[in-house]
Amino acid sequence: MELVWREEDGARLASTVWRVDGPHRAVSSAMLGGGIGPAGWVLNAQVAGAYSRTDPVAHLGELAASLGLEGPGVGMLTAASVERTVRRDDEGVRVSATVGLRVPTWAASPAGVPDPELAPIRLDGTGGVPSRSPLRTPPRRSSQGPPQARPGTVNIVVAVPVPLTDGALVNAVVTATEAKTQALLEAGYPCTGTASDAICVAAPVTSGEAEPFAGPRSVWGARIARAVHAAVHAGALDYTAQLRARVGPAAAPPGHGAATGPGHSR
């Protein structure tokens with residue numbers, strides 16, 4: 001995996017690029033290359049906190065082309081600092097995660113209640129988030145398409161060295177998501193993630209028999225869980241340190257050291 005830089009929207013922004021070795025299949029929730037299918041590369045691109053493009057898929061396509069990425073692949077956006085990507089391995093499983101938790105959320109939250117911001121800042125170091133930023137207000141509806149997508153803030157890429165069945169690929173996403181949430185809670189963030197997280201799990205295509213299981217107590221699922229947990233936990237602690245350095249101790253996660261669900265007191 002390589003780290004590359006570009007100038008965009010007046011900011012110097014990083015991206016990670018993974019050019020896979022040999023044929024792979026991936027399952028992903030990403031805007032570009034989402035679903036299950038072949039993948040020759042995975043791109044995780046940072047955007048400015050005031051990101052306002054209404055065509056993120058086209059934008060990702062442009063970025064991929066500029067990097068010489070051809071054929072099918074997976075592309076994700078994030079406002080988190082990609083330069084601070086955390087990588088962890090566990091017995092053959094490789095994980096990279098970008099962790100930004102400015103607006104931590106519970107998956108099941110009361111309808112119509114906005115998610116509170118932890119700190120209204122941009123992690124690209126360019127200052128506060130404008131009041132009209134799509135990262136601060138609900139997505140705006142374009143006259144030419146669906147509501148504007150917001151860039152993900154906890155993006156996870158998982159590389160498994162053995163082939164997985166379709167069911168196991170989906171199971172791996174569940175396992176990784178459970179491990180992500182466990183890590184966030186243990187790091188003191190009372191949330192299940194953010195409202196725009198993305199994930200990609202990639203596995204090689206070989207002539208051998210594909211692994212049918214990837215739950216947390218299967219051989220490869222357990223490795224996925226441990227690697228994701230380690231990466232996200234480290235990323236969350238790093239994010240806390242960033243918040244404290246920029247806006248003081250008050251910006252630390254409100255549930256630091258204890259986690260509760262939405263609408264429940266500690």
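- Here Leu77 contributes atom CG and Ser196 contributes atom OG; the two are 10.5 Å apart, rounded to the nearest 0.5 Å.
- Checked against Ile199 for a side chain to side chain contact (heavy atoms under 4.5 Å, CB included), the options Val173, Val154, Val74 give a single hit: Val173.
- Taking OG1 from Thr165 and CD from Glu209, the interatomic distance works out to 10.0 Å, rounded to the nearest 0.5 Å.
- Rounding to the nearest 0.5 Å places CG of Asp197 at 10.5 Å from CE of Met76.
- Residues Pro72 and Pro38 come closest through the heavy atom pair CB-O, 3.4 Å.
- The closest donor-acceptor contact from the side chain of Asn171 to the backbone of Phe213 lies at 3.5 Å or more, if one exists at all.
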Exercise. For Thr194 and Val103, what are the C-alpha separation, side-chain angles and deciding distance, and is it a side chain to side chain contact (heavy atoms under 4.5 Å, CB included)?
Worked result: CA-CA 6 Å; Thr194 82; Val103 189; 5.8 Å; no
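- Between the side chain of Thr181 and the main chain of Glu178, no donor-acceptor pair closer than 3.5 Å is present.
- Taking the six-membered ring for Trp and thresholds of 30 and 60 degrees, Trp18 and His24 have ring planes more than 60 degrees apart, a perpendicular arrangement.
- Taking hydrophobic clusters as Ile, Leu, Val, Met, Phe, Trp and Tyr residues chained together by side-chain heavy-atom distances below 4.5 Å, Val86 does not share a cluster with Val157.
- Under the 4.5 Å side-chain criterion, counting only non-hydrogen atoms from C-beta, Arg102 is not in contact with Thr153.
- Contact detail for Ala64 and Trp41: the closest heavy-atom pair is CB-CH2, 3.7 Å.
- Here the CG-OG1 distance, from Asn155 to Thr78, works out to 4.5 Å after rounding to the nearest 0.5 Å.
- If you chain together hydrophobic residues whose side chains sit under 4.5 Å apart, Ile224 and Val219 fall into the same group.
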For this session: Kindly indicate, with the supporting measurements, whether the criterion side chain to side chain donor-acceptor pair (under 3.5 Å) is fulfilled by Thr98 and Asn44.
Result: CA-CA 9 Å; Thr98 48; Asn44 186 30; 3.2 Å; yes
For this session: Apply the test side chain to side chain donor-acceptor pair (under 3.5 Å) to residues Arg6 and Ser15: give CA-CA distance (whole Å), side-chain angles for both, the deciding distance (0.1 Å), then the verdict.
Result: CA-CA 8 Å; Arg6 73 184 190 282; Ser15 300; 3.3 Å; yes
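- Electrostatic pairing of Glu62 and Arg53 counts as a salt bridge here, judged by a charged N lying under 4.0 Å from a carboxylate O.
- Counting heavy atoms from C-beta on, the side chains of Val4 and Glu2 come closer than 4.5 Å.
- Counting heavy atoms from C-beta outward, Arg88 and His233 have side chains that stay 4.5 Å or more apart.
- Going from atom CZ of Arg25 over to atom CD1 of Ile36 covers 6.5 Å, rounded to the nearest 0.5 Å.
- Put simply, the side chain of Pro161 reaches to within 4.5 Å of the side chain of Trp220, judged on heavy atoms.
- Residues Cys191 and Leu184 come closest through the heavy atom pair SG-CD1, 3.9 Å.
- The heavy-atom pair separating Cys200 from Ala26 by the smallest distance is SG-CB, 4.0 Å.
- Side-chain N or O atoms of Thr175 include one that pairs as donor or acceptor with a backbone N or O of Ala214 at under 3.5 Å.
- Residues Pro116 and Pro104 approach most closely at O-CD, 4.3 Å, considering heavy atoms.
- Atom CG in Leu32 sits 10.0 Å away from atom CG in Leu69 (nearest 0.5 Å).
- With hydrophobic clusters built from ILVMFWY side chains whose heavy atoms lie under 4.5 angstrom apart, Val160 shares a cluster with Val232.
- No single ILVMFWY cluster, assembled from side-chain heavy atoms under 4.5 Å apart, contains both Met1 and Leu67.
- Looking at Glu83, its side chain never comes within 3.5 Å of a backbone N or O of Ala14 through a donor-acceptor pair.
- In the hydrophobic cluster analysis, where Ile, Leu, Val, Met, Phe, Trp and Tyr join through side-chain heavy atoms closer than 4.5 angstrom, Val158 is grouped together with Val162.
- Taking every heavy atom of both residues into account, Ala227 and Val93 meet most closely at CB-CG1, 4.2 Å.
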